[in-house]
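Whatever order the structure lists them in is the order used to number ligands and atoms, beginning at 1. A quick note: this is a predicted structure, and the numbers were derived from the prediction, not measured.
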Amino acid sequence: MVLNPVISKLAGKLVVLASASPRRQEILRNAGLRFEVVPSWFKETLDKGLFKAPHEYAVETAKQKALEVARRMPFKHLKTPDIVIGADTIVTVNSMILEKPVDKQDAYRMLSSLSGKEHSVFTGVAIVLCHEKDNQEVDYQMIAFYEETKVKFADLSEDMLWEYINSGEPMDKAGGYGIQALGGMLVEYVHGDFLNVVGFPLNHFCKQLDIIYNHSSSFAVEKKGSAHIIPNGPLGTSVLDQQPHTLEKSSSPSLTQRIHNSSSNSPAHKVKRTNHESGVGGGSWSTASNTSKPNDGEFKSQNCENVIIQLNRQQEVEQSGTETQDSKPNKQDLERICELMDGFKASKALFTASSFCVFDLLHNKPGLDAARVAEEIKASVKGTECLLEACVSLGLVKIKDKTHPKALFENTDLATSFLRSDAPFSLHGYIRHCNETLWPLFSHLESAVHEGVSQHEKVKRHKERCQDSVCSSQELKLRFMSGMHSFAKVTAAAVATAFDLSRFKTACDLGGCTGAMAYEFTKAHPGMSVTVFDLPAVIEMREHFLPANSDKKVSFVAGDFLKDDLPKADLYILARVLHDLTDEKLHILLTKIAESASQGCGLLLSEIFLDDDRGGPSRGLLQALSLSEGKQRSASEYRLLLERHGFITAHIRHTGNLLDAMLSIKA
Ligand SMILES: C[S@@+](CC[C@H](N)C(=O)[O-])C[C@H]1O[C@@H](n2cnc3c(N)ncnc32)[C@H](O)[C@@H]1O
């Protein structure tokens, strides 16, 4: 933790990286940051001629990328991130900006212009802090900075250049080289932050986080509606004062600009602003600053700017008033409705591609065309082509070589990380569970709502009538366990590390299923051993899910937690168990835990916690629609239930992963 005081401040927050770059992801992941990747849809098409200096272009692009994702997520992903990070790396030589080469000739042009010369690598970084208010309003606070590193290339012979170009490495990299791989051989020296050249200036980023979270009252994240714009500090000149094209100075003493979306906004909204306006990139948003001197303790940093923007959805609709109601529908609202209407098609496309193992196939054989994929998965060419194209539109598959006459398909990073069946965080098993168990249940939602009960029995009877070969109960059990296993593998680390559990030496994971959560707990807490307690029918199948290096600190006990004695432990874990229980069963289970636990014992509960007003999150409320006998509860409801059984809640964490967590202690 000593090494990591800044990154740890982000634990429990929903941090989003608005970049698909695997290098950036790796740098941040290696630093211990937990984040979601939501690649920005912002097209890097700003007019470079509008910028006085190259770094201004990189900073502006980073800002646009981050802001696009920050604005999109509440609508498209139905959640508001806490922080969005955008970045853009460019290489400059002889006052020319080099981005990613479009083809081999372009790579040649770039690399030969770098040969034997010193060039600069700039990465612009934007950190958008999102503060959601009760009334649907979101404040966006922007901190942007850049880092420069000088790199000198050796003299490159033609052979060397072409050998490097033919390696394929230059194609997705700014300036046409990757310093961390083969491209490192071209480099004579590096002056400055090496990681900046790889794609992300980690050191400068951590310094900014340190200022945001540790040293500036103006960044107190809970505080809304105020911000401090940072003019020149003693450390250097702020970007604000160097960017007449992209930024302007507000004469208003207020440091907050209210920005309202106009009703004619496209997803990359144009904005109306109440104060002075300026813009780049075809009228997209721009920022405003104040030149007043900062008070003591305000945020000052090198190559950095800080701006607050408020987007108010409520007002946006009111402002566009008559036009919205009378002449044409609000575009954003229409998009949102379409997305909800089409949501099931997107889910089913994902399920179908998964069940045909398309992502495994494209991982093992990247660059197949639709006909070859169809042949391999034994499906029609027409159907496969439609499926692959739909997957491209959903960001699961991409076209490998756009210059090739036929579309050749390969996985995106998203598919590689989560959809291959053998990926460490594979959700393949859970997707199968969604397709085969939840999908049929949800197709009977009208009946479920009408009758108020799960349609599980109806679906089972229907399947028995219609299917020639009915799955054995063993097969069904394995499928269920595989679904739970894959979900737990993705969520376990966030739950296991949500709290300091160092004082608990023994734990019991009640309803621990395959042990996926338990293994993660022993990994995160080396002094801890965990007993997995689950029904006999589940425990007897555990061998199917043993990890490669299963350690002896995880053991399994079969039993029924509503009837049998529970193993003794310092810490009881209940992950995704209580939402399936009625209040009555929950009372029985908590009474049994309270009887087994001595004073000071812990109870770690992990579920999706509903908001107190039951207004969200949607994932929890949609899960409730399966109408199992249990119910979704808020953190306050769980806290009360636990208190009644003698457990006092010490901490609640929204882990930013799929599950929330609560740690309570036996009084
Ligand atoms: C939704 S799964 C959650 C599995 C695991 N905790 C996780 O987070 O992935 C619920 C688990 O509780 C187990 N379970 C349900 N009723 C049980 C009972 N009466 N006694 C023991 N385990 C039970 C199920 O077998 C299943 O493994």
Is there side-chain contact between Leu368 and Phe409, with heavy atoms separated by less than 4.5 Å?
-> no
Relative to the heavy atoms of Ala575, which atoms of ligand 1 are at a distance of less than 4.0 Å?
-> 3 (C), 5 (C), 6 (N), 7 (C), 8 (O)
Return yes when Gly559 approaches ligand 1 closer than 4.0 angstrom through a heavy atom, no otherwise.
-> yes
Hey, is ligand 1 close enough to Asp580 that some N/O pair sits below 3.5 Å?
-> no
When you measure from atom 2 (S) of ligand 1 to every protein heavy atom, which one gives the shortest distance, and what is it?
-> Met484 SD, 3.7 Å
Any atoms of ligand 1 less than 4.0 Å from a non-hydrogen atom of Val538? List them with their elements.
-> 25 (O)
Looking only at side chains, do Gln632 and His579 share a donor and an acceptor under 3.5 Å apart?
-> no
Taking both backbone and side-chain atoms of Gly512, is any N or O found less than 3.5 Å from an N or O belonging to ligand 1?
-> no
Among side-chain atoms of Ser426 and Arg420, is any donor-acceptor pair under 3.5 angstrom?
-> no
Any N or O on His579 sitting closer than 3.5 Å to an N or O of ligand 1?
-> no
Polar atom proximity, Phe561 to ligand 1 (N or O, under 3.5 Å) = yes
Determine, considering heavy atoms only, which of Arg576, Lys489, Met517, Glu607 sits nearest to atom 10 (C) of ligand 1.
-> Arg576
Which one of Gly483, Gly511, Ala488 has a non-hydrogen atom at the shortest distance from atom 5 (C) of ligand 1?
-> Gly511
Check the side chains of Thr582 and Glu629 for a donor-acceptor pair under 3.5 angstrom, ignoring hydrogens and angles.
-> no
Should the ring pair Phe351 and Trp439 be called parallel, tilted or perpendicular, given that the plane angle runs from 0 to 90° and is split at 30 and 60?
-> perpendicular
Residues, nucleotides or ligands: over 12 heavy atoms within 6.0 Å of Lys458 NZ | yes
Are any of the N or O atoms of Leu510 closer than 3.5 Å to those of ligand 1?
-> no
With backbone taken as N, CA, C and O and side chain as the heavy atoms from C-beta onward, which portion of Asp534 lies under 4.0 Å from ligand 1: side chain, backbone, both, or neither?
-> both
Side-chain donor-acceptor pair under 3.5 Å between Asn411 and Lys398, yes or no?
-> no
Looking only at protein heavy atoms, what sits closest to atom 19 (N) of ligand 1 is Asp560 OD1, 2.8 Å
Answer with yes or no whether the side chains of His428 and Ser421 bring together a donor and an acceptor at under 3.5 Å.
-> no
Any donor-acceptor pair under 3.5 Å from Ser486 side chain to Tyr430 backbone = yes
